[in-house]
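See below for the structure under consideration.
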Number of protein chains: 2
Amino acid sequence: MQTITTLDFALLGLISQKPCSGYDLRKFFSSTPMTSYSDSPGTIYPALHRLERRGLIRGQTETGKGQRERRLFQLTLRGRTEFRRWQLRPITRADVVRRLDALMLRFAFMDESAGPVATRRFLQAFHKELASYIPTLREYLKNNRSAMPLSGRLALESGILGYETLFRWTKAALAAYHKEN
Amino acid sequence: MQTITTLDFALLGLISQKPCSGYDLRKFFSSTPMTSYSDSPGTIYPALHRLERRGLIRGQTETGKGQRERRLFQLTLRGRTEFRRWQLRPITRADVVRRLDALMLRFAFMDESAGPVATRRFLQAFHKELASYIPTLREYLKNNRSAMPLSGRLALESGILGYETLFRWTKAALAAYHKEN
DNA sequence: TAGTCCATGTAAGATGTTACATGATTCA
DNA sequence: TGAATCATGTAACATCTTACATGGACTA
């Protein structure tokens with residue numbers, strides 16, 4: 001059983017919202033701010049075939065009224081389960097350090113697929129993990145400040161500012177969920 | 001002539017500061033905040049061999065005083081030229097949208113390898129590109145706000161906040177360079 | 001009828017991940 | 001002597017990028 005990549009989950013997330021063709025997905029990646037994923041056919045179509053082989057999605061050929069035929073994919077039960085399991089995985093330090101993009105992707109589809117309780121729990125865990133990580137960055141900066149060239153130091157500071165912005169965002173996002181319920 | 005990856009440039013940047021062994025580089029990636037790059041031997045050593053084959057670095061075996069022998073790599077003239085050329089490439093929209101990590105990497109090594117004038121130019125171009133990109137994100141949010149689920153909308157807002165933080169950072173960084181000179 | 005958009009695909013080549021493998025040195 | 005650290009490597013496998021290829025439908 002091979003691993004499911006971030007791109008795979010992005011595809012699953014979009015398909016979970018409504019059935020999509022490969023072309024729909026490509027257009028989504030090229031025309032919305034969800035641009036971290038490649039919209040090239042050489043990326044999307046093989047990924048969809050893989051997901052179908054693994055039983056996470058199912059494609060049905062739509063014979064057109066006038067249009068050229070296209071394959072519409074939906075999640076299978078198994079796909080839905082795997083996706084939710086991925087969303088609900090505990091948040092680790094490694095996620096925060098190296099996989100922020102995947103964390104935000106997990107969050108972006110939570111409303112529809114995991115519900116408000118899980119979403120709040122996710123934000124709380126995210127908040128907590130940031131709260132424990134950021135001080136280690138500040139500490140590193142403090143200890144190495146004088147040994148670093150200006151550009152290197154500023155680059156690190158930019159990273160820290162990014163994490164601090166995210167930290168404030170988790171608080172605001174939690175507030176938004178509390179207000180809603 | 002194949003392309004040089006971001007990891008390759010990260011290696012070149014570190015080696016440009018002082019000669020490094022593969023092990024040094026691995027430790028750097030595992031023990032400093034420069035953690036976006038893999039510290040695994042299966043990534044680092046083949047990458048170093050590639051760079052050597054392409055004539056960008058040169059390794060010398062250091063026969064130890066007691067220690068196990070190790071290969072210390074330095075930049076060749078060609079390596080130094082390629083690195084600087086990469087740093088000085090014009091900043092494009094695509095860089096800002098999909099390759100922020102590479103942009104920050106370019107910047108992080110600017111002091112030593114490109115000088116203060118180029119560094120300021122880089123920050124100005126970065127600033128300008130952000131200034132033109134951020135409004136398109138705000139516009140997208142405005143037009144699609146009501147159609148997006150709460151979590152999706154918040155995820156997008158997080159991205160925008162990140163870019164705005166970066167925008168303020170470019171201003172602060174420019175100020176730091178002006179003060180210095 | 002020429003160009004653009006819809007729509008799906010493959011092939012070659014390179015890179016990255018994980019796991020395995022080896023061996024020297026240092027220190028408790 | 002056993003464990004941890006220093007140090008370098010390979011192999012299998014999967015994925016991604018770029019480029020190429022095809023063809024229907026719509027519209028100016």
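Chain naming here is simple, since letters A, B, ... match the order of the sequence lines and numbering starts at 1 in each. Just so you know, these numbers come straight off a predicted model, no measurement behind them.
When rounded to the nearest whole Å, the span between CG of B:Leu51 and C1' of D:dT8 equals 16 Å. Taking atom CZ on B:Arg71 and atom C1' on C:dA24, their separation rounds to 18 Å, with Å as the unit. The separation between A:Glu62 atom CD and C:dA7 atom P is 9 Å, rounded to whole Å. The CG-P distance, from B:Leu72 to D:dT8, rounds to 8 Å in whole Å. Rounded to whole angstrom, the span from the CD1 atom of A:Ile4 across to the C1' atom of D:dT15 amounts to 14 Å. Separating the CZ atom of B:Arg53 from the P atom of D:dG9 is a distance of 13 Å, rounded to the nearest angstrom. One can place CD of B:Glu69 at 10 Å from C1' of D:dT8, the figure rounded to the nearest angstrom.
Phosphate contact (OP1/OP2 of C:dA14, side-chain N/O of B:Thr5, threshold under 4.0 Å): absent. Distances shorter than 4.0 Å separate none of the side-chain N or O atoms of A:Arg50 from OP1 or OP2 on D:dC13.
With D:dC16, C:dT15, D:dA7 as the candidates, the nucleotide lying closest to the side chain of B:Arg70 is D:dA7.
Using bins of under 30°, 30° to 60° and over 60° for the plane-to-plane angle, the ring pair A:Phe126/A:Trp169 lands in the perpendicular bin. Ring orientation note: the planes of B:Phe107 and B:Phe122 are close to parallel, at an angle under 30° on the 30°/60° scale.
A salt bridge does not link B:Glu52 with B:Arg58: every distance from a Lys NZ or Arg NE/NH1/NH2 to an Asp or Glu carboxylate oxygen is 4.0 Å or more. With respect to the salt-bridge test (charged N to carboxylate O, under 4.0 angstrom), the residues B:Asp39 and B:Lys27 do not qualify.
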Donor-acceptor contacts under 3.5 Å from residues 10-18 of chain A side chains, at least two apart:
{"unit_1": "A:Ser16", "atom_1": "OG", "unit_2": "A:Gly13", "atom_2": "O", "d": "2.7"}
{"unit_1": "A:Gln17", "atom_1": "NE2", "unit_2": "A:Glu112", "atom_2": "OE2", "d": "2.5"}

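In this structure, B:Gly22 and B:Arg98 both approach DNA chain D, and ranking their closest nucleotides by distance from the 5' end singles out B:Gly22.
When the ring pair (Phe, Tyr, Trp, His ring centres under 6.0 Å) test is applied to B:Phe109, no partner is found at least two apart in sequence or on another chain.
Side-chain contact check for B:Tyr37 and B:Asp101: no donor-acceptor pair (N or O, by modelled atom type) lies under 3.5 Å.
Across all strands shown, B:Arg54 has heavy atoms under 4.0 Å from sugar-phosphate atoms exclusively, and none from any base.
Of the residues in residues 23-49 of chain B, those lying under 4.0 Å from DNA chain C by heavy-atom distance are B:Ser38, B:Ser40, B:Gly42, B:Thr43.
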